[in-house]
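Each remark here refers to the structure printed beneath this line.
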There are 2 protein chains.
Amino acid sequence: MRAKKEDRRINRTRKLILEALMSLIIERGYENVTVQDIIDRADVGRSTFYAHFRDKDELLISWFEHLRTLFEQQQQELLDARKTGKEPGLNIVLDLFRHTGNHHRLYKAVAGRQSGEMILKYLHRYLTGLLLPILEDAVKKRPSLPIPVEVTTHHLVSSLLSLMTWWLDRNMPYPPEKMEGMFRTLVRPSLEAALGKDIVQDAGITEDGGLKNEEVVGFYSLFADPSCCR
Amino acid sequence: MRAKKEDRRINRTRKLILEALMSLIIERGYENVTVQDIIDRADVGRSTFYAHFRDKDELLISWFEHLRTLFEQQQQELLDARKTGKEPGLNIVLDLFRHTGNHHRLYKAVAGRQSGEMILKYLHRYLTGLLLPILEDAVKKRPSLPIPVEVTTHHLVSSLLSLMTWWLDRNMPYPPEKMEGMFRTLVRPSLEAALGKDIVQDAGITEDGGLKNEEVVGFYSLFADPSCCR
DNA sequence: ATTTAAGCGAACAGTGTGTTCGTTATGAAG
DNA sequence: CTTCATAACGAACACACTGTTCGCTTAAAT
């Protein structure tokens, strides 16, 4: 809504540059794309590029934040649908796979084999920051665990991301529902072994992968923090 | 032994360059090291560098192969000790953690947070190539699994590598034995869920993480293939 | 002592980066 | 339609890094 005040040229140029980046990443991978390539394909002047983005990395981040916005919108819609009484039982992992699948061309460029690792590290840090407090809280009462919570968290996040990139790199050979099922099959027993069966259930991770109330709040904020990396 | 024929200067120069690379990676990360930096610190001529290595990447690979040799030697010693009757029960994962810990300064530079992803991808591909046939063979008789073997393999390898890099990045807060234990605790239940308890046992992965005879052969060849990536 | 070749270092063309600045042209507002 | 602000242009710049070449020097092997 506030975008009304923007000069049309600005949006046009940004769009051209972002589209050029995307197609180039898909073609040859992020590392092998130069600013020169981007402005050639986008057909904008060199100085124009630098008027919009500090460098190639900021461009990628900027694009990634666009994707985050898309995901937030989707989650918001789900949440709204839930309030109207349908109670669909949010499942963030499933939503993630679905969302990623819907925009696979974008994500393949960003998070696939071709990507710089920057985004994956960004995501890893981000997810860890969200999951760690939840697990730490769930485990508060138990004095000693076979595995430190930090390690468990790291393992969980890594597993999700590795499954995600595997799926993208192979052009999504299974539907999101199946991927989410595999993730749960692989990771749930690890979680139970690391934290104890009771804690996993207490933490609101239900048998079918859905989440109970409080955790939804925590997980919902996934991608919702506007603070940037770097 | 055949190294006797080499001119002393060659080894000296290679060593200088490799050491310069190592210290520089530790300082600022692989991506931020230039050939210029390397030859400055190693104090060798520019042309000398290119007489030894095609580029920075080949230098890193070359160094990594040095590490592989170190690991092979260690494994060989273990295997010899075993033949003398001691039967120590090879455990590759544990050996990997130990070996990595012993040379942590090297590996931290190569596989830690600072590294280019090249080596990790190399390792991932390599380990997958070794593990996949083993699991495929173990599962041959069973017609349908909840999770495709490829996915299981990918998950296993990713988990090991992610745990390894976590450990290195945090300066090895736990001993190798503890790390191997955590790995087993986290991954074994996943394996059983993915393949079935019986198959996991049949495949020679014993309760304590050791391996039965045939598998040792397969796993022993870890790092032993001289073919290069790229 | 002689020979071999490793190492040197200066110079090079090539490619990419990020900045600057005067000019052009295109949207927005009246 | 005119005016005005400013986005975009593009050429030029200094800089950094790459990978190669070639004649010279120097250390190793014999």
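Naming convention: chains lettered A, B, ... in sequence-line order (proteins, then strands); numbering from 1 in each chain.
Residues passing the side chain to side chain contact (heavy atoms under 4.5 Å, CB included) test with Ser158(A) are His124(A), His154(A), Ser162(B), sequence neighbours excluded. By the ring-ring contact (aromatic ring centres under 6.0 Å, His included) test, His66(B) pairs with no residue at all, sequence neighbours left out. Listed by chain and number, the residues in a side chain to side chain contact (heavy atoms under 4.5 Å, CB included) with Ala42(B) are Leu16(B), Ile17(B), Ala20(B), Val44(B) (sequence neighbours excluded). Applying the ring-ring contact (aromatic ring centres under 6.0 Å, His included) criterion to His104(B), with sequence neighbours excluded, gives no partner residue. Thr34(B) pairs by the side chain to side chain contact (heavy atoms under 4.5 Å, CB included) definition with Gln36(B), Asp37(B), not counting sequence neighbours. By the side chain to side chain contact (heavy atoms under 4.5 Å, CB included) test, Lys15(B) pairs with Glu19(B), sequence neighbours left out. Residues passing the ring-ring contact (aromatic ring centres under 6.0 Å, His included) test with Phe183(A), sequence neighbours excluded: none. Qualifying salt bridge (charged side-chain N to carboxylate O under 4.0 Å, His left out) partners for Arg46(B), counting only residues two or more places apart in sequence or in other chains: none.
Nucleotide dT6(D) holds its C1' atom 15 Å from the CG atom of Asn11(A), rounded to whole Å. With rounding to whole Å, Glu31(B) atom CD is found 13 Å from dT18(D) atom P. In this structure, Lys15(A) atom NZ and dA8(D) atom P are separated by 15 Å, rounded to whole Å. Taking atom CD1 of Ile39(B) as the reference point, atom C1' of dA16(D) lies 13 Å away to the nearest angstrom. Spacing between atom CZ of Arg14(B) and atom C1' of dG7(C) amounts to 15 Å, rounded to whole angstrom units. Distance, Gln36(A) CD to dT18(D) P: 19 Å, rounded to whole Å. Across the protein-nucleic acid pair, Ile10(B) atom CD1 and dT4(C) atom P stand 16 Å apart, rounded to whole Å. The distance between atom CG of Asn32(B) and atom P of dA16(D), rounded to the nearest whole Å, is 16 Å.
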Short heteroatom pairs, N/O only, protein and nucleotides 23-28 of chain D, under 3.5 Å:
| residue | atom | partner | partner atom | Å |
| --- | --- | --- | --- | --- |
| dA27(D) | N3 | Arg9(B) | NH1 | 3.4 |

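Not one side-chain nitrogen or oxygen of His52(B) sits closer than 4.0 Å to the OP1 or OP2 atom of dA6(C). One finds no side-chain N or O of Tyr50(A) lying less than 4.0 angstrom from the OP1 or OP2 phosphate oxygen of dT19(C).
Taking only side-chain atoms of Asp55(A), from C-beta outward, the nucleotide of dC17(D), dG18(C), dT17(C) with the closest atom is dG18(C).
With the end axes of the helix from dA1(C)-dT30(D) to dG30(C)-dC1(D) each set by five pairs, the angle from one to the other reads 30° at 10° resolution.
Applying the salt bridge (charged side-chain N to carboxylate O under 4.0 Å, His left out) test to residues at least two apart or on different chains, the pairs with a partner in residues 147-161 of chain B are Arg170(A)-Glu150(B).
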Base-contact (B) and sugar-phosphate-only (S) positions in nucleotides 9-14 of chain D, heavy-atom cut-off under 4.0 Å, - elsewhere: BB----
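Checked against the 6.0 Å centroid threshold, His99(A) and Tyr107(A) count as a close aromatic pair.
A salt bridge is defined here as a Lys NZ or Arg NE, NH1 or NH2 lying under 4.0 Å from an Asp or Glu carboxylate O, and Glu27(B) with Arg41(B) meets this definition.
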